[in-house]
Amino acid sequence: MRFSQLLIPTLKEDPAEAEVISHKLLLRAGFIRKLTSGSYTYLPLGLAAIRKVEKIVRQEMNAAGAQELLMPMVQPADLWQESGRWQEYGKELLRFQDRHNRDFCLGPTHEEVITDLARKNIHSYKQLPVNLYQIQTKYRDEARPRFGLMRGREFIMKDGYSFDATDQGAEETYEKMKYAYHRIFTRCGLNFRAVEADSGAIGGSFSHEFMVLAETGEDTVVICKSCSYAANMEKAVCMPSSAATDVAPKEVEKIETPGKRKVAAVCDFLDITPNRLVKTLVYMVKDEPLAVLLRGDHEVEEVKLANLLGVSDEEIRLADDKEIFDATGTPSGYLGPIGLRIKSVADQEIAAMVNFAVGAGEKNFHLLNVNMGRDFSPTMSGDIRKVTAADRCVLCGGELKLTRGIEVGHIFKLGTKYSEALGATFLDDQGAEIPFIMGCYGIGVSRVVAAAIEQHHDKDGIKLPAAIAPVQALVLNLSPKDDEISRAALDIYQQLQQKDIEVILDDRDERPGIKFKDADLIGIPMRITVGKSFTKEGMIEVRNRASGDTLTMPLTEVVSTVADLLAAAIL
RNA sequence: CGGGGCGUAGCGCAGCCUGGUUAGCGCGCCUGCCUUGGGAGCAGGAGGCCGGAGGUUCGAAUCCUCUCGCCCCGACCA
């Protein structure tokens, strides 16, 4: 490929529409162009990078025993009505009608279609397990598309679905996929963590998100500095503190605290730190009020609270001031656990506290030296708060770090949710009719490219890992009008091609500076420069974009050197 | 969906508040000269219904109303 003939519209300045680095660089390097909010055209270089990721995904999925297929993107409403998601899915599902006024949607995911396929074509345990995947453009009518390829409405996704006869089989399949995902993201050159995610009703550790660690990530991830523990906020376990045993409980003392309602104001007034105070929040759980007791400096993690209560997180919400007063007879700000007439849940941390302050359950009063067990007993207790960087790792006791992550993959044990809803069953070896045990496994292919750029760039441009760079080598002919230089550049270009190394020859009639700048911007791993030093000394420069290492050598050594360096760079 | 910001040449922006000849600047683009190891220089040139509609006015890029689009924060989403 000749640079002069490729469409690589690089930009010298940052586009006004881009905020995050990957978005800016993808536009500047001529990888993508926006058509409309959330949809992008993949230009030749951008598409080539996506194809590289797809290739790795295919290799690893196939190696893990999965088979590729391709399902329709337009899906009939009936299937979604059968699963119940036509109502549940909300506005992200882009719906429309055909000429016969039949309802359809653009596929944001394919559980319904694949389950329909399975129920029609898989009938016996002898056919199981089956693991199917596709790589396809998905459409989600996102409320707010943002950050270029990071959160588009249209994006390329690998989605896979497994069907097993038994729970154990499904769990084995899950582990295989988890392993394959580790290989895929490692080969893509990403710094990532597989984090335990909330798996809602199914429970157990059967949902993992694969998070690329990057400041621009939309999710917060908790990772241990010492071991491999990693989890997202909804799932991250707080290790309980041990109770202080050397402090004697004191007498409860009632103090007037006029107008002091917020934690900060109360602590300030009482001259204590927030970790010596227990705040009492009120949640509405399916319209029932519930008091939630939490240390003053902690925050509720609603997903964990919902899980403890055995309800979905959509069924709980904070009560408003009126609901609080109606339920407790106390205005918000002075609520306390003593004398409460509604049920209560205490965060486990409170058990470790001695002589703490609480609201008195009476306007303008607080109590000091309160102790759980002696002065009140909550209905329930458990881990219901968000972890903080001050917490310790549940596995090894090491220090935790809160960091941001980009979700590039998600694996999930689905169980029988869809197979039951759609009546997708098979006969087991006893002749019994059983629903398939399913799993689903997604990878945001286009998002992987954006995430990789977030992790691999510098002030000059993109530094994609060789495994997913659009092409591997770029030969710069610095003087296209000089026959000797042009001949040498062409020679190297052709030799690299013969070795099956993807290469672009920059044969443009431009000044050297422009070629160097563009080379840095688009970030091809190996840059081979043929210029004056070749005519003068017979030397050619080979430069590694990622490391910046530069070697000078005679023409005869160039091709083998580049081949060796690339072989070392690609896993 | 709530809040904020922006739409003027391919890209980045000024002009708008305080209406007034042919609407500017930088980059890019085209032609020529020159230059050729880090986005050079000189000369000439093309390119805009100032997002759209309506209104106010003798006169609107500029003021008012509506509308469409894009971006950011939040909500939502996995």
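Chain A is the first sequence line, chain B the second, and so forth, proteins listed ahead of strands; every chain is numbered from 1.
A:T561 and A:E557 form no side-chain donor-acceptor contact under 3.5 Å, judged by distance and modelled atom types alone. Side-chain contact check for A:T216 and A:E454: at least one donor-acceptor pair (N or O, by modelled atom type) lies under 3.5 Å.
Distances shown here put a side-chain N or O of A:R511 below 4.0 Å from the OP1 or OP2 atom of B:rA40. For the pair A:K515 and B:rG37, the criterion of a side-chain N or O lying under 4.0 Å from OP1 or OP2 is not met. A close approach under 4.0 Å does not occur between any side-chain nitrogen or oxygen of A:S533 and OP1 or OP2 of B:rG37. In this model, the phosphate group of B:rG69 is not approached by any side-chain N or O of A:S37 to a distance below 4.0 Å at OP1 or OP2. Contact check, A:K532 against B:rG37: a side-chain N or O comes under 4.0 Å of OP1 or OP2.
At least one donor-acceptor pair closer than 3.5 Å links the side chain of A:K515 to the backbone N or O of A:N477.
Look at the P atom in both B:rC13 and B:rG7: the space between them is 9 Å, to the nearest Å. Rounded to the nearest Å, the gap between the C1' atom of B:rC68 and that of B:rA53 is 10 Å. The same atom, C1', is picked in B:rU22 and in B:rA61; the two are 15 Å apart, to the nearest Å. Annotation: B:rG12 and B:rC17 have their P atoms spaced 25 Å apart (nearest Å). Rounded to whole Å, the P atom of B:rC34 lies 49 Å from the corresponding atom of B:rC70. Annotation: B:rG26 and B:rG39 have their C1' atoms spaced 14 Å apart (nearest Å). To the nearest whole angstrom, the two P atoms, one in B:rU62 and one in B:rU8, are 14 Å apart. Comparing the P positions of B:rC77 and B:rG54 gives a spacing of 42 Å, expressed to the nearest Å.
Within 4.0 Å of A:D482, counting heavy atoms only, lies no atom of the nucleic acid at all. Across all strands, A:A143 comes closer than 4.0 Å to base atoms (heavy-atom distances). In this structure, A:F147 reaches the sugar-phosphate backbone alone: every heavy-atom distance under 4.0 Å involves primed, P, OP1 or OP2 atoms, never a base. Residue-level contact check: A:R527 touches the bases, meaning some heavy atom is under 4.0 Å from a base atom. Residue A:K91 is out of contact with every strand shown, counting any heavy-atom pair closer than 4.0 Å. A:R28 comes within 4.0 angstrom of a nucleotide base, judged by non-hydrogen atoms across all strands.
Across the protein-nucleic acid pair, A:E13 atom CD and B:rG10 atom P stand 15 Å apart, rounded to whole Å. One atom, CZ of A:R153, and another, P of B:rA78, lie 18 Å apart when rounded to the nearest Å. Here B:rG38 presents its P atom at 15 Å from CG of A:D506, a figure rounded to the nearest Å. Taking atom CG of A:L43 as the reference point, atom P of B:rG10 lies 18 Å away to the nearest angstrom. Rounded to an integer number of Å, the gap from OH of A:Y89 to P of B:rC76 is 16 Å.
Put simply, the side chain of A:D520 and the base of B:rG38 share a donor and an acceptor less than 3.5 Å apart. No N or O donor and acceptor, one from the side chain of A:R146 and one from the base of B:rC72, sit under 3.5 Å apart.
A ring-centre distance under 6.0 Å is found for A:H182 and A:F210. Aromatic ring centroids of A:Y161 and A:Y133 lie 6.0 Å or more apart.
Shown here, B:rG19 forms no base pair; nothing in the strands shown gives a Watson-Crick or G-U wobble contact with both key distances under 3.5 Å. With a cut-off of 3.5 Å on both Watson-Crick or G-U wobble distances, the partner of B:rA43 is given as B:rU31. The partner of B:rA75 is absent, by the rule that a Watson-Crick or G-U pair needs both atom distances under 3.5 Å. Base pairing analysis places B:rG69 opposite B:rC6; the two distances defining the Watson-Crick or G-U wobble pair are each below 3.5 Å. When Watson-Crick and G-U wobble pairs are counted only if both distances are under 3.5 Å, B:rG12 pairs with B:rC25.
Checking B:rU36, B:rG26, B:rG38 against the side-chain heavy atoms of A:S479 singles out B:rU36 as nearest. Distances were taken from every side-chain heavy atom of A:R144 (C-beta onward) to each of B:rG74, B:rC77, B:rG37; the shortest belongs to B:rG74. You'll find that the side chain of A:E19 is closest to B:rC71, out of B:rG38, B:rG28, B:rC71. In this structure, of B:rG26, B:rA78, B:rG37, it is B:rA78 that holds the atom nearest to the side chain of A:H410. Side chain of A:E17, nearest nucleotide from B:rC71, B:rG28, B:rC77: B:rC71. For A:E510, counting side-chain heavy atoms from C-beta on, the closest listed nucleotide (B:rG28, B:rC77, B:rC29) is B:rC29.
Checked options A:T10, A:L464, A:I50; the residue passing with A:F31 is A:L464 (criterion: side chain to side chain contact (heavy atoms under 4.5 Å, CB included)).
Between A:H208 and A:Y174, the ring planes are tilted. Angles from 30° to 60° get that label.
Using a 4.5 Å cut-off on side-chain heavy atoms (C-beta onward), A:D549 and A:R543 make no contact.
With the nearest nucleotide of RNA chain B identified for both A:G148 and A:E407, A:G148 has the one nearer the 5' end. When each of A:G38 and A:R151 is assigned the nucleotide of RNA chain B with its nearest heavy atom, A:G38 is the one assigned upstream, toward the 5' end.
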